[in-house]
Amino acid sequence: MKLLTHNMLTSHVKGVTKGYPLIIKATEVKVNELEFNAQFVSRMIPKLEWNALIQAAEWLGRSQDLPSTLIPNYENDEEFLHKVHRILLEVEVIEGCLQCPESGREFPISKGVPNMLLIEDE
Amino acid sequence: LYSIQKEVIAKNVSGAHIMQELDEAVTIGATVPTGFEHTAAEEVQEKLEATARVSKNRGRIYFDITTDTLFKVHQLKSLDNLFVVVKDYDDYQFKTTKEEVQLDWQELAAKLPWTNALEVWKLNNSIKKRKGRRKRTNPTKSDQCGNFSTKSTDTVPSDPEELWVDLESLEVKENQRDVSSQPEDDSEEEKHSEIQDQESGVTPLKFRVTCNRAGDKHCFTSNDAARDFGGAVQEFFQWKADMTKFDVEVLLNIHNNEVVVGLALTVESLHRRNISHFGPTTLRSTLAYGMLRLCKPQVSDVIVDPMCGTGAIPLEGVMEWQNSFFLAGDNSGTAVSRSVNNIKHILKRTHDGGSSSGLPLDIVQWDLCNLPMRSSSVDIIITDMPFGKRMGSKKKNWELYPLCLREMARVCKPGTGKAVLLTQDKKCFLKALSQMEGLWRKSHTVWVNVGGLHAGVFVLKRTAVVFGTTSEDVMEPHTATGSQKENMKDASQ
C-alpha cells in the first residue's frame with residue numbers, strides 16, 4: 001500500500017465520523033523505485049490531504065523534512081517534488097495494519113493489500 | 001508465367017534466397033472488439049500515424065504500413081488478431097452455382113498477388129520469434145526443416161490455472177467473430193483438413209484456410225468456400241493441408257460482396273496479454289484497453305476500478321497510462337490475490353533485471369457498496385459490472401446497481417469526474433441510473449459483444465451536484481411519494 005492510497009482511505013465503520021486518517025502500524029515496509037514525473041507530483045499535491053500525508057510519513061519514520069504546510073511555488077522546487085514523489089509512490093507498506101482513529105478497529109495489510117472489509121454489523 | 005511465379009514464391013518461402021527487407025507498403029487487417037473500431041483506429045493513428053478504415057464487417061479495421069513498422073503493430077493494444085491482406089475486393093460478383101463458384105476460387109488462387117503478403121508473413125515470423133513464446137497454447141513453429149514428428153498439442157494442462165486458460169481461450173475464440181443479426185446469415189468457420197502426398201524436393205509448408213462468411217445471397221456455405229479455396233491454394237503452392245499444426249493460415253473473409261483474402265499474423269490472440277492468472281469472468285485486455293481509451297486518462301488522474309476481479313482493467317491501464325494512478329478493489333480475497341499475482345507477472349516481464357520497480361497501482365480488498373474512501377477523491381471510475389449470468393444473479397443486480405452508483409457518485413469528483421461502466425444487464429443499469437438523475441449524466445454508450453452476450457459500455461459524467469444534497473441519494477422507503485415520483489419520471493420519458 002502506497003501512501004497516496006492511504007491518503008484517500010478512510011474508516012467506514014458504522015457511526016464513525018472521525019475515521020480519517022487511518023493510523024498506520026507497519027511491520028514491513030519496502031521502497032520500490034518508480035519513474036519520477038514532475039507534472040504528476042505537482043498536480044497531485046492539491047488533491048491530497050497534506051496533513052494526513054505528513055502524519056503518515058511520521059508513522060513510518062520517514063518525515064524526511066517534509067514541511068508541515070506547503071510552500072508557495074512548490075511546483076518549481078524539483079528537490080521538494082522528488083521528496084514528495086518518494087513518500088507518495090515509492091514507500092510501500094507490505095505488512096501491518098490500518099487502525100480507525102475513532103473506533104480502534106484494525107484493518108490488516110498483507111502482501112501490500114489492505115483488507116477493509118467489515119463484518120455484517122460493524 | 002504462372003509456373004515461374006510459383007517457383008519464385010516457393011523459393012522465397014523456403015528461404016533458399018536471401019529475403020530482402022522491403023520497406024513496402026502493405027495493408028494490415030485487424031480484428032477488434034466490436035464497438036471499439038473507432039478507439040482502435042485512434043490508437044493506430046496515434047502510434048503508427050496511419051489512417052485506419054473501419055470495415056462494414058463489424059469488428060475489423062484496415063490500415064497501411066511499411067514493413068519496417070510491422071513490429072510496432074504487434075505492440076498495439078486495441079487489436080485482437082492481425083492479418084496481412086493479400087487482396088481485397090469490395091464488389092466481388094459471385095456466380096450462382098456451386099460448381100461455378102468453385103472454378104472461380106481456383107482461378108482466383110492462381111492469380112492473387114501472394115508474394116508480398118508471404119514476405120510479410122515471413123518477416124512476421126522472425127518478429128514473433130524475437131518476442132519469445134508464452135507458456136501455453138498450440139505451438140506455431142514454422143517448421144520448414146521437415147520435422148513431421150507429431151507431438152500432440154498442449155491439451156493436458158500441467159496445473160489447474162492452465163485449465164482455466166485453455167477454456168477461456170476456447171470460449172473467447174468462438175465468440176470473437178461477430179455475426180450480423182440477420183437470420184439468413186451463415187457464418188461458421190471451416191478448416192480445410194485434407195492431407196495430400198508430397199513429392200517435391202522442397203519441404204512444403206503446412207496450411208489451413210479459415211473462412212468467415214456472412215450474407216444472404218451466396219449459394220455456398222463457408223464450409224464450401226474453405227474447402228474449394230483451400231483445394232485451389234493447395235494445388236497452386238503444393239502446400240500440405242493441416243488443420244492444427246499449420247504454418248500458414250489463409251483467411252477468406254466474405255461479407256456480402258466484400259471479399260478479403262489474408263494471411264494470419266497472429267495465432268494466439270493478443271487480448272490475453274496481461275492476465276496469467278485467470279478467473280471465471282476475466283475481461284479481454286483489448287476490451288479493457290478500449291474502455292480505458294474512452295476515459296482519456298490525464299496526468300495525475302486517480303482511476304478506480306471498484307470491482308476489479310483479476311485486475312484486467314487496472315493492469316492494462318497501468319501499462320499504458322503511467323502518469324495516472326490506479327486503485328483497484330474487490331470484495332473477493334481470491335480475486336485480490338489473483339490481481340496481485342498478475343501484477344507480479346507484469347513486473348517480472350517488464351523489469352528483467354530483478355530490480356524492485358513498482359507500478360502506480362494499489363489493490364485494496366473492500367466492499368464497493370461501502371467504499372472506505374474519502375468523498376470526491378476519484379477522477380475516473382471504470383469497471384466491468386457483474387452480468388448476473390456468469391457471476392451473481394439478475395435479482396441481486398436490482399439491489400446492487402443502485403447502491404454501486406450511489407457510492408461511485410459519492411467518491412467521484414463532482415463536475416469533472418467520469419465513469420465508464422460495462423454491463424450486460426442494461427435494463428437494470430438504466431433503471432438504477434434514472435434514479436440518480438441529479439448525480440450522473442449519460443455521455444454516450446458503446447454497444448459491445450462480450451463472450452456472446454450483448455453488453456453496453458456506458459460513459460457517464462459526474463454532475464456538479466454535491467453528494468448528499470439531492471433527494472435521490474437519500475434512501476427513501478418505498479412510500480406513496482416514492483412511487484409517485486417514479487410514475488412522473490416514466491410519464492415524462
Side-chain angles (χ1 to χ4, degrees), chain A residues 1-14 16 19-22 30-49 52 75 81 84-86 88-94 98 100 105 107-120 122, chain B residues 297-304 306 308 311 318 321-333 335-341 343-344 347 350-351 353 355-379 407 410-413 416-417:
Chain A
M1 181 199 69
K2 300 173 174 68
L3 293 190
L4 173 51
T5 300
H6 169 263
N7 202 263
M8 295 185 277
L9 291 177
T10 175
S11 166
H12 54 143
V13 172
K14 217 192 279 186
V16 161
Y20 181 87
L22 290 155
K30 271 208 180 115
V31 178
N32 288 321
E33 265 178 46
L34 202 77
E35 208 177 304
F36 173 75
N37 179 322
Q39 205 185 32
F40 177 96
V41 182
S42 57
R43 284 197 190 173
M44 190 57 87
I45 289 172
K47 301 183 188 186
L48 302 169
E49 286 291 323
E75 306 89 1
L81 292 178
V84 178
H85 166 85
R86 188 171 192 83
L88 268 187
L89 297 170
E90 295 189 329
V91 175
E92 298 193 55
V93 180
I94 307 296
L98 295 172
C100 171
R105 168 52 154 110
F107 300 95
I109 302 175
S110 168
K111 297 190 184 143
V113 177
N115 183 344
M116 307 297 295
L117 288 178
L118 294 168
I119 38 178
E120 198 60 35
E122 273 183 300
Chain B
Q298 302 298 306
V299 175
S300 87
D301 270 352
V302 172
I303 303 178
V304 174
C308 68
V318 92
W321 289 275
Q322 278 143 8
N323 296 316
S324 302
F325 186 78
F326 290 85
L327 187 53
D330 203 285
N331 61 358
S332 148
V336 162
S337 65
R338 280 196 172 127
S339 294
V340 170
N341 287 329
I343 294 182
K344 289 204 180 122
L347 287 173
T350 52
H351 303 281
S355 66
S356 53
S357 284
L359 293 168
L361 165 70
D362 254 331
I363 300 184
V364 179
Q365 190 169 355
W366 64 31
D367 170 10
L368 106 122
C369 297
N370 190 5
L371 288 170
M373 289 190 78
R374 279 195 281 125
S375 299
S376 312
S377 54
V378 177
D379 295 294
E407 263 303 82
R410 181 182 68 77
V411 302
C412 200
K413 289 208 171 95
T416 55

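Chain A is the first sequence line, chain B the second, and so forth, proteins listed ahead of strands; every chain is numbered from 1. The structure presented is a predicted model; accordingly, all values stated were derived computationally and were not measured.
Every residue was checked against the side chain to side chain donor-acceptor pair (under 3.5 Å) condition with A:S42, not counting sequence neighbours, and none meets it. Applying the salt bridge (charged side-chain N to carboxylate O under 4.0 Å, His left out) rule to A:E35 yields no partners; only residues at least two apart in sequence or on another chain are considered.
Nearest approach of A:N37 to B:N323, heavy atoms of both residues: ND2-OD1, 2.7 Å. Taking every heavy atom of both residues into account, A:L117 and B:W366 meet most closely at CD2-C, 3.5 Å. Annotation for A:M8 and B:L327: closest pair CE-CD2, 4.1 Å, computed over non-hydrogen atoms. For the pair A:V113 and B:I363, the tightest heavy-atom approach, listed with the atom from each and the gap, is CG1-O, 3.5 Å. Among all heavy-atom pairs drawn from B:Q365 and A:N115, the shortest one is OE1-ND2, 3.3 Å.
The contact between A:F40 and chain B is made by backbone and side chain atoms together, counting heavy-atom distances below 4.5 Å. Looking at B:V299, both its backbone and its side chain come within 4.5 Å of chain A, counting heavy atoms on both sides. Residue contact with chain A, scored on non-hydrogen atoms closer than 4.5 Å, involves the backbone of B:S324 exclusively. Heavy atoms of A:L9 lying under 4.5 Å from chain B belong to its backbone as well as its side chain. Heavy atoms of B:D301 lying under 4.5 Å from chain A belong to its backbone as well as its side chain. Heavy atoms of A:L22 lying under 4.5 Å from chain B are absent altogether.
Put simply, the side chain of B:V364 does not reach to within 4.5 Å of the side chain of A:M1, judged on heavy atoms.
Between the B:R374 side chain and the A:N7 main chain, a donor and an acceptor come within less than 3.5 Å of each other. The closest donor-acceptor contact from the side chain of A:K47 to the backbone of B:S300 lies under 3.5 Å.
Within a 6.0 Å sphere centred on CZ of B:R410, other residues, nucleotides and ligands contribute more than 12 heavy atoms.
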Should B:L371 and A:M116 be marked as a side-chain contact (heavy atoms from CB on, under 4.5 Å) after you check the CA-CA gap, both sets of side-chain angles, and the distance that decides it?
CA-CA 9 Å; B:L371 288 170; A:M116 307 297 295; over 6 Å; no
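Atom-to-atom distance recorded for B:E407:CD and A:H12:NE2 is 9.5 Å, nearest 0.5 angstrom.
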